[in-house]
Amino acid sequence: MSDLFSSLSMAARSLSAQQVGLDGVGQNIANANTAGYTRRTVQFSSVPPYSKWSASEGVQVDGISSARDMLLEQRL
């Protein structure tokens with residue numbers, strides 16, 4: 001039964017991470033023409049397996065970063 005629980009928790013973790021990614025895409029689309037808005041990217045990483053015999057535990061969000069041009073930032 002623990003295998004079923006770990007599979008479901010892996011699926012829930014992965015779906016939550018993908019939801020964060022889709023939220024970032026939605027913000028980028030909604031603010032495409034907003035002056036001063038910088039595109040946001042979501043970094044994902046895989047969660048290591050809990051034992052050497054198991055599969056990966058899905059993905060997680062490592063962080064959200066903004067794509068900024070440092071030359072333009074310094075000019076502003």
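Atom set for the values below is all heavy atoms of this structure, side chains included, hydrogens, waters and symmetry mates excluded.
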Atom of V47, atom of V59 and distance for their closest heavy-atom approach: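 Shortest heavy-atom separation between V47 and V59 comes out as CG2-C, 4.0 Å.
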Testing the basics here: between S14 and G58, what is the closest heavy-atom pair and its distance to 0.1 Å? OG-CA, 3.4 Å
Give a yes or no on this: more than 12 heavy atoms of other residues, nucleotides or ligands lie within 6.0 Å of atom CD of Q19.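 No, CD of Q19 has 12 or fewer neighbouring heavy atoms, counting only those of other groups under 6.0 Å.
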Going by heavy atoms in the side chains, are [X] and [Y] under 4.5 Å from each other?
X	Y	answer
D23	V42	no
V25	R40	no
Q43	T41	yes
D62	F44	no

Whether the R13 and Q60 side chains hold a donor-acceptor pair (N or O, under 3.5 Å, no angle test) is what I'd like checked.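 There is no such pair between these side chains.
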Rounded to the nearest 0.5 Å, what separates atom CE in M10 from atom CG in L15?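 Nearest 0.5 Å value for the CE-CG distance: 9.5 Å.
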